[in-house]
Amino acid sequence: MKVLIVGAGGREHALAWKIVQSPLVEHVYVAPGNAGTAQEDCVENIDIRSDDLTKLADFAQLKNIGLTIVGPEKPLVDGIVDLFLSRNLKIFGPTQAASQLEGSKEFSKAFLVRNQIPTAKYESFSSAEKAIQYIQENGTPIVIKANGLAAGKGVVIADNMLEAKEAINDMLERKRFGEASRKIVIEEFLEGEEASFIVMVDGKNILPMATSQDYKRAGDGDIGPNTGGMGACSPAAVITPELHQRIIDEIISPTVKKMADEGNPYSGFLYAGLMISKTGALNVVEFNCRFGDPEAQPVLFRMKSDLAAHCLAAINGQLHRESADWEARNSVGVVLASKGYPEKYKTGSQVTGISGDQKQTDNGLIFHAGTTLTDNVIRTSGGRVFCITALGNSQDEARLKAYELLKQVECDNLFCRKDIGLRKDKVRKSVTEV
Ligand code: AMP
Ligand code: GLY
């Protein structure tokens, strides 16, 4: 079978790297891919953008693609699954209607509240005046979110009224995110530890992926602006077996059931971003309609079972027959990003030190994200450039191995956080100690 992976990031490199190992898969195309996918055996980049849905569907038809997996949210929210299904092409992902769980915060918040699935108290607004009145009544800290997709930048945690007003005016008056911030959602600030709970869904049945945790802030000690994620580890130590079952019973199963009951059956990866309080209270912070990035890198690095078989079973509504098998060791992925990310950064810097045919070793693997390969030269082309991922007998061992491997990458325009894989409580402690 030929597989098409849509996207160009580290998650897509991990998906391609993993799925090409399946005995069911002969060749993988990545649209448009990066320097990492360009160098994998039996994997080929094709020059089609991930948001050019018609060209992607034409390509899938022409090449007789047996399975398409979509990495980023935009093509899903734009309806790539509906288009592929209308042409009888096999694709694993949610329809446009079901992707609203990520594409519209208003949709997902209303869905959660209507179905008594725990989430922060909220209201949505299109008037700045009413929004400001609401925060005056509710106080700070408070969280202000653009309703639509804003490339991970549409969330402001306001610590005081000034910041809150600024964020509201920025989104509603100055239309910072265009159509995505024509409406905003304002919600209660939740305290606790975050974890990513990602499952595969076939409309009805679920197959949980290994748990993971993302490091969202740009700076060590969880400070600085939010990013797409500066690193991740798997499993998430905060999710005990008991909590794992509660997450399925209280959040994942009701979500899948209610989406189907309400006429929007969900199929694809479903990512629940959770807040877990000290007392064990669970809340949904967000849903994503796709695998996480960088969570995919450490999670798929631990997957021992056949991803292609899981996806095909899901497409056929047979996920209950599948079981996923995981490497017992911990994994940690550390992102190397362009200096300046998530704000302004330059691209086009040359990367040396990693050979063209870099392969997995027992120490780990360098997943590429924002890279290009021209005439055998690797150059940076995005904000997040690599995710160096390693296994260890403990999270500490995995993190040390990842940072050791990271030293191979030579480029003068990259930075990373130094505390990826440190337990979050230790991260916070180190900040207060400094
Ligand atoms: P979102 O795009 O909704 O996932 O928000 C991005 C990040 O902002 C989350 O991963 C959290 O770190 C933070 N965040 C979002 N909503 C809340 C909330 N209600 N309370 C605390 N932190 C939040
Ligand atoms: N790492 C967070 C996300 O993929 O949305």
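Note that ligands are numbered from 1 as they come in the structure, with each ligand's atoms numbered from 1 the same way. What you see below is based on every heavy atom in this structure, not just the backbone, and it leaves out hydrogens, waters and symmetry mates.
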Quiz item: Which is it for L190 and ligand 1 at heavy atoms under 4.0 Å: side chain, backbone, both or neither?
Solution: both
Quiz item: Is K121 atom NZ crowded by more than 12 heavy atoms from other residues, nucleotides or ligands, each under 6.0 Å away?
Solution: no
Quiz item: Using a distance-only test with no angle check, is there a side-chain donor-acceptor pair under 3.5 angstrom linking E295 and Y271?
Solution: yes
Self-check item: Enumerated ligand 1 atoms positioned under 4.0 Å from heavy atoms of E187
Solution: 16 (N), 17 (C), 18 (C), 19 (N)
Quiz item: What are the two closest heavy atoms between P75 and V6, and how far apart are they?
Solution: CG-CG1, 4.3 Å
Quiz item: Any N/O of E286 closer than 3.5 Å to an N/O of ligand 2?
Solution: no
Practice problem: Go through ligand 2 atom by atom and flag the ones less than 4.0 Å from a non-hydrogen atom of E295. | Solution: 1 (N), 2 (C), 4 (O)
Practice problem: Run the numbers for me: atoms of ligand 2, each under 4.0 Å from some heavy atom of G292, listed by number. | Solution: 4 (O)
Quiz prompt | Numbered atoms and elements of ligand 1 in range of N226, under 4.0 angstrom, heavy atoms | solution = 7 (C), 8 (O)
Quiz item: For ligand 2, is there an atom lying under 4.0 Å from some heavy atom of P294?
Solution: yes
Quiz item: Do the two ring centres, one from F367 and one from F386, sit under 6.0 Å apart?
Solution: no
Quiz prompt | Close-contact set for ligand 1 against F189 heavy atoms, below 4.0 Å | solution = 20 (N), 21 (C)
Exercise. Pick one of side chain, backbone, both or neither for how D214 approaches ligand 1, counting any non-hydrogen atom pair under 4.0 Å.
Key: neither
Exercise. For atom 5 (O) of ligand 2, find the nearest protein heavy atom and state the residue, atom name and distance (0.1 Å precision).
Key: R290 NH2, 2.8 Å
Self-check item: Nitrogen or oxygen atoms of R11 and ligand 2 under 3.5 Å apart
Solution: no
Quiz item: With under 30° as parallel and over 60° as perpendicular, where do the rings of W17 and F301 fit, or are they tilted in between?
Solution: tilted
Quiz item: Hey, is NZ on K18 packed in by over 12 heavy atoms from elsewhere, all under 6.0 Å?
Solution: yes
Quiz item: Quick one: which ligand 1 atoms are inside 4.0 Å of a heavy atom on K145?
Solution: 3 (O), 15 (C), 16 (N)
Quiz item: Can the ring centres of F92 and H310 be said to be less than 6.0 Å apart?
Solution: no
Practice problem: Specify the closest pair of heavy atoms between V334 and C416, including all atoms of both residues, with the distance to one decimal. | Solution: CG1-CB, 4.1 Å
Self-check item: Per-atom contacts, ligand 2 versus N288 - under 4.0 Å to a heavy atom
Solution: 5 (O)
Quiz prompt | G228-ligand 2 polar pair, N/O distance under 3.5 Å | solution = yes
Quiz item: Which atoms of ligand 1 sit under 4.0 Å from any heavy atom of I157?
Solution: 13 (C), 22 (N)
Practice problem: For M275, take its heavy atoms, then give the atoms of ligand 1 lying under 4.0 Å from any of them. | Solution: 21 (C), 22 (N)
Exercise. List the closest protein heavy-atom neighbour of atom 2 (C) of ligand 2: residue, atom name, distance to the nearest 0.1 Å.
Key: D214 OD2, 3.3 Å
Quiz item: Does atom CG of D47 have more than 12 heavy-atom neighbours, drawn from other residues, nucleotides or ligands, at distances under 6.0 Å?
Solution: no
Quiz prompt | Flag, side chain of Y215 to backbone of G421, donor-acceptor distance under 3.5 Å | solution = yes
Quiz item: Which is it for N45 and T37 under the side chain to side chain donor-acceptor pair (under 3.5 Å) test, yes or no, and what are the steps along the way?
Solution: CA-CA 7 Å; N45 288 350; T37 51; 2.7 Å; yes
